[in-house]
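Structure first, then comments.
Owing to the predicted nature of the structure, the values given are computational and were not obtained by experimental measurement. Note that these values count all heavy atoms, side chains included, but never hydrogens, waters or copies made by symmetry.
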Amino acid sequence: MGKPLIVIADMDEKYLAALEYKFLDVLGEKALLEMISERAYFENFFAQPRTAEIVVVDEKLYTRELQRHNIANLFVLTEETGSGSTEELNVNRVYKYSGIKEIFHELLYRSREKLLENEKKHREAQVISLYSAAGGSGKTSLGLGLAECLAQNHQRVLYINTESIQGFAYYVKNQAGMPNAGYYAMREDKEKVYNNIRRFLVKENFDYVPAFYNTLDSLNLDYEIYCHMLAGAKESGEYDVIIVDIEAGYSREKMELLQYSDKIIMVLKQDAVSLFKTEYILGNIDWRGKDKYIFVCNQYQEDKEDVCKSAQGKKSFVVNEYVEKIDAGIADIQQIAQLNGVQRLAYMFL
């Protein structure tokens with residue numbers, strides 16, 4: 001079977017080049033890419049029957065004649081906001097200026113299985129851990145918002161909370177928690193813990209391990225159970241991203257769990273105490289020079305002093321992203337996922 005063909009036609013060469021770069025960066029040689037920037041070449045190209053997995057065409061070039069070809073997914077780039085199916089069968093509108101990454105993921109989603117079928121057999125999930133020096137940074141709500149945002153961008157996401165008090169259950173729809181049968185399953189064989197509890201995972205927009213309403217000690221389990229759970233979930237190939245919410249503070253067990261991470265999001269706030277505690281933690285872990293660490297200032301308020309910025313040059317790290325504070329008290333996961341800072345953070349992993 002030959003490689004799937006992707007055709008993108010737009011007379012704006014700069015716009016076309018940006019889309020081309022994104023497809024090549026992600027798909028490489030997994031697909032044939034035909035980029036067309038001239039009307040005459042476009043008309044000549046489709047003068048003969050074509051079979052393509054994806055055809056993306058600017059609305060100025062689109063004609064109904066394209067529907068005579070064997071095109072699995074046909075998209076029309078429009079300068080009017082809004083997206084979705086048109087009145088014509090198998091033709092979808094995409095807002096041209098919503099952003100290259102957003103457009104790419106919308107196009108790729110519909111043909112994901114075919115375009116990435118070979119890669120899926122070998123691809124491992126990306127493990128993202130959220131960690132903080134102290135409680136109160138909003139780490140858990142940020143992790144849930146990130147999981148939701150990635151799921152909205154067509155990523156298969158698993159969320160695992162490892163805190164001793166799993167307050168994340170407040171935010172999710174199913175607050176029932178892990179059933180007793182799930183605890184028994186975890187004790188059967190620690191090395192196969194993920195396979196043993198798969199049937200208890202909760203599926204909303206993203207999957208998550210139900211909250212533990214009992215401490216590990218009372219369950220006769222140790223913290224190592226999370227390492228086995230994470231390893232099994234990653235090996236399964238069922239997820240693109242696994243988000244691990246690690247309890248604040250320092251311990252040997254938490255450091256071991258961090259070793260499984262591809263990226264570690266260090267969450268802090270803009271006040272002096274949060275900065276001090278973050279520096280304290282960094283003084284006890286080997287993190288310098290590693291690009292796996294991302295520093296996020298959460299619950300940021302523009303009208304208050306930002307110690308992270310004022311201490312620039314004096315602190316050992318640089319804040320990579322700011323996530324704004326929601327004014328209306330405690331927000332739900334959907335609201336958190338819509339924050340600009342959360343969306344920018346999510347795009348780092350797409």
Side-chain angles (χ1 to χ4, degrees), residues 3-39 41-42 45 52-62 66 71-86 91-116 119-120 123 126 128 145-157 205 240-241 262-263 265 291 294 296 320-324 337-350:
K3 297 178 181 179
L5 174 65
I6 300 173
V7 181
I8 305 178
D10 193 293
M11 291 181 288
D12 184 338
E13 293 187 2
K14 290 184 178 180
Y15 182 86
L16 197 65
L19 266 180
E20 179 181 19
Y21 176 82
K22 186 63 179 176
F23 271 95
L24 289 174
D25 182 51
V26 176
L27 296 179
E29 298 181 356
K30 299 179 182 68
L32 298 175
L33 197 57
E34 182 75 34
M35 312 301 288
I36 302 175
S37 60
E38 298 179 357
R39 181 181 291 275
Y41 183 82
F42 174 80
F45 183 85
E53 180 64 24
I54 295 176
V55 172
V56 186
V57 57
D58 184 83
E59 60 184 345
K60 298 181 182 68
L61 294 172
Y62 174 73
L66 287 174
I71 301 172
N73 294 286
L74 178 57
F75 298 88
V76 175
L77 295 171
T78 175
E79 296 187 4
E80 295 182 2
T81 57
S83 61
S85 300
T86 67
V91 181
N92 295 276
R93 294 180 301 141
V94 177
Y95 179 49
K96 185 173 181 178
Y97 302 112
S98 58
I100 294 299
K101 287 184 178 180
E102 294 91 330
I103 291 173
F104 171 79
H105 286 284
E106 179 64 29
L107 303 181
L108 188 61
Y109 173 65
R110 295 178 181 273
S111 300
R112 182 183 185 90
E113 294 300 320
K114 185 168 184 178
L115 292 176
L116 302 182
E119 182 188 19
K120 283 181 68 176
R123 182 182 59 211
Q126 185 174 197
I128 305 169
L146 178 61
E148 175 68 20
C149 191
L150 288 168
Q152 290 175 2
N153 280 277
H154 316 306
Q155 300 293 292
R156 300 169 301 165
V157 182
N205 285 350
D240 300 307
V241 179
D262 298 301
K263 292 290 183 181
I265 299 175
D291 59 3
I294 299 171
V296 175
N320 303 104
E321 187 58 72
Y322 283 82
V323 176
E324 59 272 34
Q338 294 304 312
L339 293 174
N340 291 331
V342 173
Q343 294 190 355
R344 289 193 300 267
L345 186 61
Y347 292 148
M348 293 183 187
F349 308 111
L350 295 175

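- With rounding to the nearest 0.5 angstrom, the CD1 atom of Ile100 is 12.5 Å from the OH atom of Tyr21.
- Scanning all heavy atoms of the two residues, the minimum distance from Ala151 to Val157 falls at N-CG2, 4.0 Å.
- A pairwise comparison of heavy atoms in Val323 and Gly341 identifies CG2-C, 3.9 Å as the closest pair.
- The structure places CG of Leu19 at 9.0 Å from CG of Leu33, a figure rounded to the nearest 0.5 Å.
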Carefully, step by step, assess Tyr15 and Asp58 under the rule side chain to side chain contact (heavy atoms under 4.5 Å, CB included).
CA-CA 11 Å; Tyr15 182 86; Asp58 184 83; over 6 Å; no
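- The backbone N or O of Asp10 sits nowhere less than 3.5 Å from a side-chain atom of Lys60 that would complete a donor-acceptor pair.
- For Phe45, the CZ atom counts as densely surrounded, since its 6.0 Å shell holds more than 12 non-hydrogen atoms of other residues, nucleotides or ligands.
- Summarising the geometry of Gln343 relative to Ala337, their closest heavy-atom pair is CG-O, 3.3 Å, with the distance given to 0.1 Å.
- With 3.5 Å as the limit, one finds a donor-acceptor pair spanning the side chains of Glu148 and Asn205.
- Taking CD from Glu34 and CD1 from Ile6, the interatomic distance works out to 11.5 Å, rounded to the nearest 0.5 Å.
- The minimum heavy-atom distance linking Thr78 with Arg93 is given by the pair CG2-CB, 4.2 Å.
- Taking CD1 of Ile265 as the start and CG of Leu146 as the end, the distance is 5.0 Å to the nearest 0.5 Å.
- When side chains are defined from C-beta on, Asp25 does not count as touching Phe104, because their heavy atoms never get closer than 4.5 Å.
- Annotation: side chain of Ile8 is in contact with side chain of Phe23 (closest heavy-atom distance under 4.5 Å).
- Side-chain contact between Gln126 and Asp240 is absent, with no heavy-atom pair separated by less than 4.5 Å.
- Note that the CE atom of Met348 and the CG atom of Leu150 stand 11.5 Å from one another [nearest 0.5 Å].
- The nearest pair of heavy atoms linking Cys149 to Val342 is CB-CG1, 4.2 Å.
- The shortest heavy-atom contact between Leu66 and Ile71 is O-CD1, 3.5 Å.
- Taking the charged nitrogens against the carboxylate oxygens, Asp12 and Lys96 have no contact shorter than 4.0 Å, which rules out a salt bridge.
- Residues Ile103 and Tyr95 fail the side-chain proximity criterion, which asks for heavy atoms closer than 4.5 Å.
- In this structure, Ile128 CD1 and Ile294 CD1 are separated by 7.5 Å, a value rounded to the nearest 0.5 Å.
- With hydrogens and angles disregarded, a donor-acceptor distance shorter than 3.5 Å links the side chain of Glu59 to the backbone of Glu79.
- Of the possible donor and acceptor atoms, none in the side chain of Asn92 sits under 3.5 Å from a partner among the backbone N and O of Phe75.
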